[in-house]
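Below is one structure, written out as structure tokens; comments come after it.
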2 protein chains.
Amino acid sequence: MAAATRKSRPERREEPLSRERIVEAAIELLDTAGEAGLTFRALAQRLATGPGAIYWHVTGKDELLGAATEAVVADAMAAGVTGPTPRDAVRSVALGVFDAIDAHPWIGTQLARAPAQSPLLRIFEHLGRQVQALGVPHAAHFTAASTLLNYVLGVGGQNAANARSSQRQDTTRAEFLGEVSTAWSNLDPEEYAFTRSVAGQLRDHDDREEFLAGIDLILAGIAGITGVTARP
Amino acid sequence: MAAATRKSRPERREEPLSRERIVEAAIELLDTAGEAGLTFRALAQRLATGPGAIYWHVTGKDELLGAATEAVVADAMAAGVTGPTPRDAVRSVALGVFDAIDAHPWIGTQLARAPAQSPLLRIFEHLGRQVQALGVPHAAHFTAASTLLNYVLGVGGQNAANARSSQRQDTTRAEFLGEVSTAWSNLDPEEYAFTRSVAGQLRDHDDREEFLAGIDLILAGIAGITGVTARP
DNA sequence: AACCTTGCTGGAACGCCGTTCCAGTGTGCT
DNA sequence: AGCACACTGGAACGGCGTTCCAGCAAGGTT
């Protein structure tokens with residue numbers, strides 16, 4: 001749009017401000033400095049302008065965060081969302097979201113905050129199509145798809161929280177898990193009997209596999225609805 | 001603790017500031033004015049004091065929010081967490097959290113934010129015990145319990161977000177659902193085929209029942225793990 | 001060539017926030 | 001009587017999101 005009137009000049013400015021450039025810079029800021037690092041002042045400095053200029057392209061911080069989340073989620077959904085079977089496709093979609101949150105922890109918080117909006121709908125749609133392909137009866141479509149979505153969102157929020165707190169005291173993921181695991185082991189034996197008993201499973205687990213195990217659990221439940229017994 | 005030295009005076013002041021009173025006031029503020037309404041200034045005014053005094057009893061806003069969440073969740077877990085069968089007990093625990101979030105939407109956001117901390121652990125423990133009672137093999141305890149927990153957290157976050165946005169434009173829950181449903185119906189038929197097809201199910205659903213249906217789905221999946229086929 | 005409109009810029013300023021600082025106060029102990 | 005000290009509350013600090021507005025460079029109009 002616009003650009004190149006009829007004369008030669010290819011660009012009239014080194015790099016004019018634009019919504020796209022702003023969102024891009026916001027994502028970089030969020031990735032490097034965390035959710036608290038996204039500031040209109042910091043953003044303005046990075047874009048070599050003032051805070052006021054940003055408001056001409058974006059209505060406020062909420063919209064900016066929304067646009068950033070949308071951009072990341074759209075990318076994640078555009079990438080591999082397929083699989084040989086619907087079951088694999090569900091796992092693939094879920095993993096796509098999981099990995100996106102792993103790479104950009106702030107979208108975990110953001111997805112859990114926003115009401116039924118664009119990025120959420122994208123994920124819901126992709127999950128739902130695979131639910132459909134699984135042969136789930138129509139009456140159960142909504143339940144099955146939103147159960148999957150809500151589980152994904154729950155894990156996402158939790159991962160985002162963990163990323164925040166393990167970054168704050170800059171430890172590695174493994175160290176962090178170890179600390180939490182020993183903390184669990186030291187809980188009151190009566191009040192937290194179960195939690196203590198699985199502290200070991202927390203220490204050794206792999207986040208990604210654990211996440212998939214949860215997806216599989218839900219898929220197994222869904223398979224029960226379809227009436228067709230899933231092969232193990 | 002403390003109180004009544006040895007002389008008579010039952011209270012040396014009309015009502016001295018205390019951590020308990022502060023948390024209580026914070027909860028009231030959060031319930032009536034929303035998450036944005038909790039301010040040290042507003043809190044100080046409600047307690048007829050200055051912001052500085054509060055910091056003597058509480059280290060900061062994070063701890064205050066944590067304590068408020070803890071108080072509400074502990075109450076919810078203390079109430080009916082039982083049932084004739086482990087399955088009913090799981091539903092009861094989950095519903096307890098669901099209803100608590102319904103009554104205090106802000107804890108939905110808060111639970112999704114905090115890393116593995118006290119209120120979360122309480123819920124995890126209660127869910128886990130019932131998982132144990134279901135006869136799930138030990139190796140799957142962690143997976144089963146955290147799948148349930150993450151689903152509950154996901155729904156909680158979503159409910160909190162919905163409560164925020166339907167309160168902002170003060171509509172009733174039913175009106176809000178209707179609006180979202182028609183919005184879904186007007187989505188692009190190609191890109192959002194599935195979402196459009198379940199717009200009707202969204203409009204008519206009951207939040208609580210839908211939530212339980214998700215729990216049942218996961219329970220069905222868990223039943224598959226135990227090797228015992230669950231009776232429908 | 002001179003003018004004006006208009007899309008866009010960026011810095012200053014406003015009000016509110018969480019938090020810190022500190023002079024003051026009332027109580028119990030010696 | 002005097003002291004120590006737990007506790008109070010108001011003032012002040014730095015930083016935030018947001019608004020306001022004087023300025024500017026390009027295009028179109030005359």
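Proteins get letters first, then strands, A, B, ... in listed order; numbering begins at 1 in each.
The CH2 atom of Trp184(A) sits 8.5 Å away from the CG atom of Leu187(A) when rounded to the nearest 0.5 Å.
Which of dT8(D), dG18(C), dG10(D) sits closest to the side chain of Pro51(B) comes down to dG10(D). With distances taken from any side-chain atom of Phe40(A) to the nucleotides dG17(D), dT19(C), dT8(D), the minimum falls on dG17(D).
Partner Arg173(B) forms a salt bridge (charged side-chain N to carboxylate O under 4.0 Å, His left out) with one of Asp206(B), Asp207(B), Asp102(B) and no other, that one being Asp207(B).
Across the protein-nucleic acid pair, Leu38(B) atom CG and dG18(C) atom C1' stand 11 Å apart, rounded to whole Å. Rounded to whole Å, the distance from CD on Gln45(A) to C1' on dG11(C) is 14 Å. Taking atom CG of residue Leu43(B) and atom P of nucleotide dG9(D), one finds them 13 Å apart after rounding to whole Å.
Within the structure, every pair that satisfies the salt bridge (Lys or Arg N to Asp or Glu O under 4.0 Å) test and touches residues 30-49 of chain B, not counting sequence neighbours, is listed here: Glu28(B)-Arg46(B), Glu35(B)-Arg164(B). For residues 142-158 of chain A, the set of pairs meeting the salt bridge (Lys or Arg N to Asp or Glu O under 4.0 Å) definition, not counting sequence neighbours, is empty.
No donor-acceptor contact under 3.5 Å links the side chain of Arg41(A) to the base of dG15(D).
The stretch residues 21-31 of chain B does not touch DNA chain D, since none of its heavy atoms comes less than 4.0 Å from the strand. A heavy atom closer than 4.0 Å to some atom of DNA chain D occurs in Ala53(B), Trp56(B), His57(B), these being the qualifying members of residues 53-69 of chain B.
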Between side-chain atoms of residues 113-123 of chain A and protein atoms elsewhere (two or more places apart, or another chain), which donor-acceptor pairs fall under 3.5 Å?
from, atom 1, to, atom 2, distance (Å)
Ser118(A), OG, Glu70(A), OE1, 2.9
Arg122(A), NE, Glu70(A), OE2, 2.9
Arg122(A), NH2, Glu70(A), OE2, 2.5

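The number of heavy-atom neighbours closer than 6.0 Å to CG of Asp62(B), taken from other residues, nucleotides and ligands shown, is 12 or below. Around atom CD of Glu63(B), more than 12 heavy atoms belonging to other residues, nucleotides or ligands sit under 6.0 Å away.
Residue Thr49(A) has no polar side-chain atom (N or O) positioned under 4.0 Å from OP1 or OP2 of dT9(C).
Among residues two or more places apart in sequence or in another chain, the salt bridge (charged side-chain N to carboxylate O under 4.0 Å, His left out) test is passed with Arg129(A) by Glu125(A).
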